[in-house]
Protein chains: 2
Amino acid sequence: MRLTTKGRFAVTAMLDLALREANGPVTLAGISERQHISLSYLEQLFGKLRRRELVESVRGPGGGYCLARAAHDITVAEIICAVDEPLDATQCGGKENCRDEHRCMTHDLWSGLNRVIYDHLSAVSLGTLIDEHQAKQKRRAEALIDARILKESAGTPAAH
Amino acid sequence: MRLTTKGRFAVTAMLDLALREANGPVTLAGISERQHISLSYLEQLFGKLRRRELVESVRGPGGGYCLARAAHDITVAEIICAVDEPLDATQCGGKENCRDEHRCMTHDLWSGLNRVIYDHLSAVSLGTLIDEHQAKQKRRAEALIDARILKESAGTPAAH
DNA sequence: CCAAACCCGACTGAACCAGTCGGGTTTTTA
DNA sequence: TAAAAACCCGACTGGTTCAGTCGGGTTTGG
């Protein structure tokens, strides 16, 4: 699993899509504008996302992209794997280049790390991200209201 | 934290060093030969490792490198950070490029991932790797002995 | 039919990786 | 004191990926 801005762009774009697909297909031009990602680059990314069946496309005017599944069923790991192509073995491909005794030592280390990363990203779906963010917004809003009530009951104007 | 073969080379080399430093400084030429890493490349890596005070150098004939601390006090995370230079912010540098509402959603995701990776690699030292590997070797040896005893007591030759 | 949208392959400049090269400097030993 | 062993260092290179561009399609609603 490679980690680059490419994967981050893809997640950002998918998030934008997830938040807007309620009112029909979302255009890449829109995502491009809102997220400041070049349109052509988005086309490349969504080509891959479509081939991996994470999104579906609707051609022609009024078209755009939709999620192929519910936001809770699309994990961040899937999105990143879709756009950051394999580059096959992330380390010594299982057989070659790591010989003698040192082999297994580092081998276990890297495969363990890979698993940790993959598990972490597999546990997060687009839905999770949206939920968490909405919960945070709600907490912020409540804090704001609490602060106002406190201020009003104290009857003191804000210090500068 | 970037993850590349550069960091893996560095860990492999440091492991080789840790296993051999008992009998004095270890030469890069030796590591190069045993681990099949180009000497000049090793020089680059060890230059960085030295500047980060993970190894100490002894110049002149009979010289080489030693660990600057005990193997248990040098973590894999330190080694990787030493050779894979910062490349500053692994994501939107804290302030820029992630604007509107989407910002925090992906921001928390990436910083969380960074922490997971870093924690995982910080929990592993050169000493850990060596210990684990030796434990595994011991288990293998015991299994071999058990198998032999079993075979002898049964008195049957191995089936092809 | 036209325009909006997707679709696609080829190209580019910059960065980084992995490695090379050609020189140093320091220190031991013969 | 000279040679050799080792570290030290900066400049260079070829290949790959990234991020983005360009120029063309094809599909389809109005």
Side-chain angles (χ1 to χ4, degrees), chain A residues 1-13 17 20-21 24-33 35-52 54-66 68 80 83-92 97, chain B residues 1-13 17 20-21 24-33 35-52 54-66 68 80 83-92 97:
Chain A
M1 162 140 292
R2 209 143 25 127
L3 297 170
T4 138
T5 51
K6 198 174 187 175
R8 285 199 286 271
F9 278 148
V11 173
T12 305
L17 176 52
R20 280 166 213 272
E21 67 159 359
V26 181
T27 85
L28 292 189
I31 299 178
S32 167
E33 205 174 317
Q35 305 303 329
H36 316 100
I37 306 173
S38 117
L39 177 58
S40 314
Y41 199 34
L42 277 177
E43 285 181 342
Q44 277 181 49
L45 298 181
F46 274 77
K48 290 177 182 178
L49 293 170
R50 190 175 51 87
R51 262 164 255 141
R52 295 297 199 92
L54 297 178
V55 296
E56 278 165 5
S57 63
V58 180
R59 303 185 72 161
Y65 286 92
C66 313
I80 291 178
V83 298
D84 272 336
E85 51 240 80
L87 187 62
D88 73 342
T90 12
Q91 63 261 34
C92 51
N97 102 357
Chain B
M1 161 141 294
R2 205 143 29 126
L3 297 170
T4 137
T5 51
K6 199 172 185 175
R8 285 200 285 273
F9 277 149
V11 173
T12 304
L17 177 53
R20 282 166 210 274
E21 68 161 358
V26 181
T27 80
L28 292 190
I31 298 178
S32 167
E33 206 173 317
Q35 306 302 330
H36 316 99
I37 305 172
S38 119
L39 176 58
S40 312
Y41 199 34
L42 277 176
E43 283 180 344
Q44 276 182 49
L45 297 181
F46 275 78
K48 291 178 181 176
L49 293 170
R50 189 176 51 88
R51 262 163 256 141
R52 295 296 200 92
L54 297 179
V55 296
E56 277 164 5
S57 63
V58 180
R59 304 185 71 160
Y65 286 92
C66 313
I80 291 179
V83 298
D84 273 334
E85 51 239 80
L87 187 61
D88 72 342
T90 14
Q91 62 263 31
C92 51
N97 101 357

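Here is how names work: the chains are called A, B, and so on, in the same order as the sequence lines, proteins then strands, and each is numbered from 1.
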[X] [atom1] to [N] [atom2]: how many Å, rounded?
{"X": "Leu42(A)", "N": "dT21(D)", "atom1": "CG", "atom2": "C1'", "value": "13 Å"}
{"X": "Leu45(B)", "N": "dC16(C)", "atom1": "CG", "atom2": "C1'", "value": "14 Å"}
{"X": "Ile37(A)", "N": "dT21(D)", "atom1": "CD1", "atom2": "P", "value": "12 Å"}
{"X": "Leu3(A)", "N": "dC16(C)", "atom1": "CG", "atom2": "P", "value": "17 Å"}
{"X": "Tyr41(A)", "N": "dT12(C)", "atom1": "OH", "atom2": "P", "value": "18 Å"}
{"X": "Lys6(A)", "N": "dT17(D)", "atom1": "NZ", "atom2": "C1'", "value": "8 Å"}

- Message: The side chain of Gln44(A) is closest to which nucleotide in this list: dG19(C), dA10(C), dC17(C)?
- Response: dA10(C)
- Query: Does the side chain of Thr4(A) get closer than 4.0 angstrom to OP1 or OP2 of dT17(D) through an N or O atom?
  - Reply: no
- Quick one: is Arg51(B) getting a side-chain N or O under 4.0 Å of the dC9(D) phosphate, OP1 or OP2? yes
- Step through the shown structure and confirm whether more than 12 heavy atoms of other residues, nucleotides or ligands are within 6.0 Å of CD on Glu43(B). yes
- Can you name the side chain to side chain donor-acceptor pair (under 3.5 Å) partners of Lys6(B), sequence neighbours left out?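 For Lys6(B), no residue satisfies side chain to side chain donor-acceptor pair (under 3.5 Å) once neighbours in sequence are set aside.
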- Where is the tightest heavy-atom contact between Ser32(A) and Ile37(A), given as atom of each residue plus distance?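 Answer, listing the atom of Ser32(A) first, then Ile37(A): OG-O, 2.7 Å.
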- Item | Euclidean distance, Leu39(B) CG relative to Gln44(B) CD, rounded to 0.5 Å |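 CG of Leu39(B) is found 11.0 Å from CD of Gln44(B).
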Tabulate protein N/O versus nucleotide N/O from nucleotides 1-7 of chain C, keeping only pairs under 3.5 Å, one per line.
unit_1	atom_1	unit_2	atom_2	d
dC6(C)	OP1	Leu28(A)	N	3.1
dC6(C)	O2	Arg59(A)	NH2	3.3
dC7(C)	OP1	Ser57(A)	OG	2.5
dC7(C)	OP2	Arg50(A)	NE	3.3
dC7(C)	OP2	Tyr65(A)	OH	2.4
dC7(C)	N4	Glu43(A)	OE1	3.4
dC7(C)	N4	Glu43(A)	OE2	3.2

- Item | Side chain to side chain, Tyr65(A) and Leu17(A), heavy atoms closer than 4.5 Å | yes
- Item | Whether Phe9(B) and Tyr41(B) hold their rings parallel, tilted or perpendicular, with breakpoints at 30° and 60° | perpendicular
